[in-house]
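For reference, the structure is listed below as structure tokens.
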There are 2 protein chains.
Amino acid sequence: MLNLDTICLGVLYSGSKTGYEIHKIINNDFKHFQTASYGALYPALGKLEAKALITSKNKNVQAQQQSLPKKKYTITDDGRINFQTVIKGTKAQERLSSDFLAAFYFSDHLDPEDISTLIDQQLSTLQGNYKDLISVPLSTMPDGQRFGIRYTIAVNRAATAFLKGEGRAIQTSLTRK
Amino acid sequence: MLNLDTICLGVLYSGSKTGYEIHKIINNDFKHFQTASYGALYPALGKLEAKALITSKNKNVQAQQQSLPKKKYTITDDGRINFQTVIKGTKAQERLSSDFLAAFYFSDHLDPEDISTLIDQQLSTLQGNYKDLISVPLSTMPDGQRFGIRYTIAVNRAATAFLKGEGRAIQTSLTRK
DNA sequence: GCCAGCATGTAAAAAGTTACATGATTCC
DNA sequence: GGAATCATGTAACTTTTTACATGCTGGC
């Protein structure tokens with residue numbers, strides 16, 4: 001997997017940001033394939049700064065010293081080079097990371113009602129994701145980002161369609177037993 | 001995420017197995033949504049045994065003492081209860097864990113040829129996965145497992161179709177620039 | 001006799017989560 | 001003045017990967 005360091009470099013590529021802003025971007029815009037907690041983010045930013053791939057500027061070094069500085073992080077030329085190199089070396093991999101599939105795999109050890117619940121939950125999860133995805137303002141974003149959203153929508157639709165057909169059929173056959 | 005402990009319990013639910021066999025099952029049958037290294041697996045089994053959710057029996061306590069025992073792990077009644085409880089409490093979640101989407105998200109900072117490579121790679125990854133999926137002997141497996149495979153195939157097909165259409169279109173528009 | 005596959009494990013390091021701890025700013 | 005949001009960070013813990021280390025067994 002593309003690690004958090006590289007994700008941060010990618011986010012900073014288009015302009016300087018605070019850690020808080022980076023966190024927001026990852027957990028909103030990227031939530032369909034990636035999230036990050038502060039406990040992972042700040043150490044990652046620290047590491048990147050130590051490697052001089054980013055620099056930080058304290059935004060308020062005014063008279064009064066505050067306990068915590070408000071830093072704005074900026075990608076360096078080395079950081080841009082590193083990002084390019086890592087992306088070029090990244091294999092396009094993908095996996096459905098799915099509790100639903102895992103649980104369903106063991107469905108022959110589960111009660112029919114649990115299986116039915118699982119399918120209902122998954123459908124509602126997919127529908128929730130779908131709502132998120134279609135509410136994104138596609139027209140105002142770069143091509144790559146728009147493409148990613150539409151790709152994810154296509155996958156979501158296929159999963160939903162399959163579940164509505166086959167999943168419902170399984171539920172029906174279970175309740176008949 | 002459903003953790004490795006629970007996956008192990010699920011695998012052992014249908015019969016006793018060695019760590020090696022569990023590893024093989026996870027990394028072959030489950031590879032579309034889960035993998036596990038030995039370095040994660042054996043400690044997990046040790047933990048489960050300490051909690052008495054599984055027991056182990058040394059298969060060769062013959063005369064000669066070997067450096068490493070060959071253990072067969074068996075799920076206990078407590079283990080079955082624990083498995084049921086955890087599954088019932090599991091939310092059906094799912095996410096596309098994707099280096100492809102991550103890299104593509106930053107495509108406005110990449111060279112056209114890199115983007116093109118990314119799409120080609122992703123298509124070949126999807127096609128590789130597809131081959132794996134259709135080579136599974138569907139007719140001999142439990143309903144739940146067959147359902148999971150077909151669900152994954154449906155998603156894979158949608159992704160491939162989208163990429164073949166939209167992805168190719170992007171490649172063409174890039175090379176025209 | 002050798003090689004592929006069976007078999008088990010540990011150690012170091014990486015990566016991340018959760019919970020905690022603190023304080024500033026902005027808008028109502 | 002209070003609430004929401006902005007903002008940064010640490011500490012303990014959990015999980016996992018990678019690399020190492022060892023040895024048996026069955027088939028050719």
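Note that this is a predicted model, so its numbers are computed, not measured. We name chains A, B, ... by the order of the sequence lines, and we start the count at 1 in each one.
With the end axes of the helix from C:dG1-D:dC28 to C:dC28-D:dG1 each set by five pairs, the angle from one to the other reads 30° at 10° resolution.
Under the ring pair (Phe, Tyr, Trp, His ring centres under 6.0 Å) criterion, no residue pair touches residues 123-144 of chain A, with sequence neighbours excluded. Pairs passing the salt bridge (charged side-chain N to carboxylate O under 4.0 Å, His left out) check and including a residue from residues 35-56 of chain A, sequence neighbours excluded, read A:D5-A:K47. Sequence neighbours left out, not one pair with a member in residues 95-109 of chain B passes salt bridge (charged side-chain N to carboxylate O under 4.0 Å, His left out). For residues 17-29 of chain A, the set of pairs meeting the salt bridge (charged side-chain N to carboxylate O under 4.0 Å, His left out) definition, not counting sequence neighbours, is empty.
Atom CG in A:N3 sits about 18 Å away from atom P in D:dT16, given to the nearest Å. The NZ atom of A:K57 sits 19 Å away from the C1' atom of D:dA7 (whole-angstrom rounding). If you measure from atom CG of A:L2 to atom C1' of C:dA14, you get 16 Å, rounded to the nearest angstrom. If you measure from atom CD1 of A:I7 to atom P of C:dA15, you get 13 Å, rounded to the nearest angstrom.
Other residues, nucleotides and ligands contribute over 12 non-hydrogen atoms within 6.0 Å of the NZ atom of B:K31.
When side chains are defined from C-beta on, B:L53 does not count as touching B:I75, because their heavy atoms never get closer than 4.5 Å.
Scanning residues 17-52 of chain B for heavy-atom distances under 4.0 Å to DNA chain D yields B:S37, B:G39, B:A40, B:K47. A heavy-atom distance below 4.0 Å to DNA chain C is reached by none of the residues of residues 79-92 of chain A.
Listed by chain and residue number, A:H109, B:F83 satisfy the ring pair (Phe, Tyr, Trp, His ring centres under 6.0 Å) test with B:Y13 (two or more places apart in sequence, or in another chain). Residues passing the salt bridge (Lys or Arg N to Asp or Glu O under 4.0 Å) test with B:E113, sequence neighbours excluded: none. By the ring pair (Phe, Tyr, Trp, His ring centres under 6.0 Å) test, B:Y42 is found to be paired with B:Y38, residues two or more places apart in sequence or in another chain being considered. For A:Y105, the ring pair (Phe, Tyr, Trp, His ring centres under 6.0 Å) partners two or more places apart in sequence, or in a different chain, are B:F30. When the salt bridge (Lys or Arg N to Asp or Glu O under 4.0 Å) test is applied to A:R80, no partner is found at least two apart in sequence or on another chain.
Between D:dG9 and A:K71, a contact under 4.0 Å exists linking OP1 or OP2 to a side-chain N or O.
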